[in-house]
Number of protein chains: 2
Amino acid sequence: MPHEPQNAPPGTLDMMILSLLAEEPLHGYLIARRIEERSGGVLGIEEGSLYPALQRLRKRKAVTDEWSTQENGREVRVYSITREGRAELVESAIRWRMVSSAIQKIIQDIKGDRRVKLA
Amino acid sequence: MPHEPQNAPPGTLDMMILSLLAEEPLHGYLIARRIEERSGGVLGIEEGSLYPALQRLRKRKAVTDEWSTQENGREVRVYSITREGRAELVESAIRWRMVSSAIQKIIQDIKGDRRVKLA
DNA sequence: GGCATAGACCTAGTTTATCTATGCAGTGAC
DNA sequence: GTCACTGCATAGATAAACTAGGTCTATGCC
C-alpha cells in the first residue's frame, strides 16, 4: 500500500506555495490539492498550516490576494506572487538545495554501505 | 565568499546524528564538528540544539552513552547507536528521501524554467 | 603566573511553524 | 435531507530549533 502523506518539513511550505504561484495565480484550497498531486501523494498539507502560511506571505508582501468569483458563483480568495515573492522563492530554493544535498551527503554514507557495523 | 552555515531543518538533526553514530561512537562536540565538515560548512549545529537532541535520543533508547577519558585526561560523554537507533535511522532516511525529492519535484518546475512569467 | 582560546558539557526561555480540532457556509449527488 | 466535497478561517497544543547564558578543563603564549 502507498505510504501515509507526510507533513511538510517546517520552513518548506512557504517556498512550495510561492513556487506554485510563480506558474499561475491560485486560491488556497487548490494550492493544497496541487502540492499533494505534484508530490505524488507524498506530501499532505493541512488547512491549519496552509491558511496561516498564506497570511504570513501576505504580510511580508510575497503574495497579493484578491477575491474573485468562480463560474459556479462561489467566492474564492486568489493569490498571486509578487516581485518580492519571486526573489524570496529563488533565494529559498537555492538554500533548500544546498541544505538538502548536504544532508544527503551525511546520511548516504550509511545507507548503501552494507559494511556498516563490521568495522 | 562562502555562505553562512544554515540551521538543520527541524526533524533532520536526530537522523544525522544517528547516521554518524552508525559509523562509530562519538561524543557530542565531535558530532557537531563532523556535521559541519561533512556538509562542507553548509550546516551548522548549535550546542543548544545538539545536547537536547542527544537527550531525546537517549530517552527513546536510540543511543546509549558512556563517560570515557581521552588521552589528554579529559572526560567526554561518548554515544553509541543501538539496534532501535539503527531501525529508526533506516526509516527516517527513507522518509527523508521521499519527502525531499517530492519537494524538489514541486520547486524545480519553476527554477530551471526560464519561461516563467512569460505565459 | 596570568590570560586567551578552544574543547566539552549543559539548561532556561523564546521563537517558529507545524499540527489538531473546530467552526461556518455553499454545492452537488443520491 | 443528508453526506461528501469545496472553501475559508481561528485557537490552542506541540515539537524542535534557537539565543543566551553558565561551568569547567586543557593548551599555548607572553
Side-chain angles (χ1 to χ4, degrees), chain A residues 4-18 25-37 39 43-60 62-63 65-79 88 92 95-96 99 103, chain B residues 4-18 25-37 39 43-60 62-63 65-79 88 92 95-96 99 103:
Chain A
E4 296 297 295
Q6 304 290 317
N7 302 337
T12 59
L13 181 52
D14 295 12
M15 176 175 67
M16 291 193 282
I17 292 173
L18 289 177
L26 295 170
H27 65 266
Y29 196 81
L30 244 187
I31 291 172
R33 294 293 79 73
R34 202 154 284 193
I35 288 177
E36 291 175 9
E37 284 168 31
S39 69
L43 264 18
I45 304 301
E46 298 300 326
E47 303 196 354
S49 311
L50 175 70
Y51 292 107
L54 288 169
Q55 284 174 18
R56 286 197 299 271
L57 290 165
R58 225 161 51 217
K59 259 173 214 155
R60 73 172 103 107
V63 302
D65 67 304
E66 197 179 4
W67 285 94
S68 115
T69 312
Q70 295 184 121
E71 316 78 36
N72 60 12
R74 294 188 62 166
E75 295 273 304
V76 290
R77 196 169 192 169
V78 173
Y79 294 87
E88 180 183 326
S92 60
R95 191 168 41 240
W96 167 257
V99 167
I103 292 173
Chain B
E4 296 297 295
Q6 304 290 317
N7 302 337
T12 58
L13 182 53
D14 294 12
M15 176 176 66
M16 290 193 283
I17 292 173
L18 289 177
L26 295 168
H27 65 265
Y29 197 82
L30 244 187
I31 291 172
R33 295 292 79 73
R34 203 155 283 194
I35 289 178
E36 293 176 8
E37 283 169 30
S39 70
L43 264 18
I45 304 301
E46 299 300 325
E47 302 196 355
S49 311
L50 176 69
Y51 292 108
L54 288 169
Q55 284 172 18
R56 285 196 299 271
L57 290 165
R58 226 160 51 217
K59 258 173 216 156
R60 73 173 105 107
V63 303
D65 67 305
E66 198 179 4
W67 285 93
S68 116
T69 311
Q70 296 185 120
E71 316 78 36
N72 60 12
R74 296 188 61 166
E75 295 274 305
V76 289
R77 196 168 191 170
V78 173
Y79 294 87
E88 178 182 327
S92 60
R95 192 169 38 242
W96 168 257
V99 167
I103 292 174

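The chains referred to below are lettered A, B, ... by the order of the sequence lines, with proteins before strands, and numbering in each begins at 1. Because only heavy atoms are used, hydrogens play no part in the values below, and waters and symmetry mates are left out as well, while side chains stay in.
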### Query
Could you go step by step and tell me if Leu50(A) and Ile17(A) meet the side-chain contact (heavy atoms from CB on, under 4.5 Å) rule?
CA-CA 9 Å; Leu50(A) 175 70; Ile17(A) 292 173; 4.1 Å; yes
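Rounded to a whole Å, the OH atom of Tyr51(A) is 17 Å from the C1' atom of dA11(D). In this structure, the CG atom of Asp65(B) is 11 Å from the P atom of dC9(C), given to the nearest Å. Counting to the nearest Å, the P atom of dT11(C) and the CG atom of Leu54(B) are 11 Å from each other. When rounded to the nearest whole Å, the span between CD of Gln70(B) and C1' of dA8(C) equals 8 Å. Rounded to a whole Å, the CZ atom of Arg34(B) is 12 Å from the P atom of dA8(C). If you take CG of Leu26(A) and P of dT6(D), they are 15 Å apart, rounded to a whole angstrom. As a whole-Å value, the separation of Tyr29(A) OH from dT27(C) C1' is 12 Å. In this structure, Leu50(B) atom CG and dT19(D) atom C1' are separated by 15 Å, rounded to whole Å.
Considering only side-chain N and O atoms, Arg56(A) lies under 4.0 angstrom from the phosphate OP1 or OP2 of dT18(C).
In this structure, Leu13(A) CG and Ile45(A) CD1 are separated by 5.0 Å, a value rounded to the nearest 0.5 Å.
Every residue two or more places apart in sequence or in another chain that forms a side chain to side chain donor-acceptor pair (under 3.5 Å) with Arg60(B) is listed here: Asp14(B), Glu88(B). Considering only residues two or more places apart in sequence or on other chains, Thr12(B) meets the side-chain contact (heavy atoms from CB on, under 4.5 Å) condition with Ile103(A), Ala8(B), Pro9(B), Met15(B), Met16(B), Trp96(B).
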Please tabulate the protein-to-nucleotide N/O contacts below 3.5 Å involving nucleotides 23-25 of chain C, giving atom names and distances.
none

Return all side-chain donor-acceptor pairs below 3.5 angstrom for residues 25-35 of chain B, not counting sequence neighbours, or 'none' if the list is empty.
unit_1: Tyr29(B); atom_1: OH; unit_2: Arg33(B); atom_2: NH1; d: 3.4
unit_1: Arg33(B); atom_1: NH2; unit_2: Glu36(B); atom_2: OE2; d: 3.1
unit_1: Arg34(B); atom_1: NH1; unit_2: Glu24(B); atom_2: OE2; d: 2.5

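Comparing atom distances between the Trp67(B) side chain and each of dC10(C), dG7(D), dA17(D) picks out dC10(C) as nearest. In this structure, of dA17(C), dG7(D), dT19(D), it is dT19(D) that holds the atom nearest to the side chain of Glu46(B). With distances taken from any side-chain atom of Gln55(B) to the nucleotides dA17(C), dC10(C), dA9(D), the minimum falls on dC10(C).
Sorted by first then second residue, the salt bridge (charged side-chain N to carboxylate O under 4.0 Å, His left out) pairs that include residues 65-75 of chain A, not counting sequence neighbours, are Asp65(A)-Arg77(A).
When the nearest nucleotides of DNA chain C are assigned to Arg33(B) and Pro52(B) by heavy-atom distance, the more 5′-ward of the two goes with Arg33(B).
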## Note on the structure
Pairing string of DNA chain C (Watson-Crick or G-U wobble, both atom distances under 3.5 Å; | = paired to other strand) is ||||||||||||||||||||||||||||||
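Interface residues of residues 7-16 of chain B facing DNA chain D, ordered by number: Asn7(B), Ala8(B), Pro10(B), Gly11(B), Leu13(B); criterion, heavy-atom separation under 4.0 Å.
Within 4.0 Å (heavy atoms only), Gly48(B) reaches at least one base atom of the nucleic acid.
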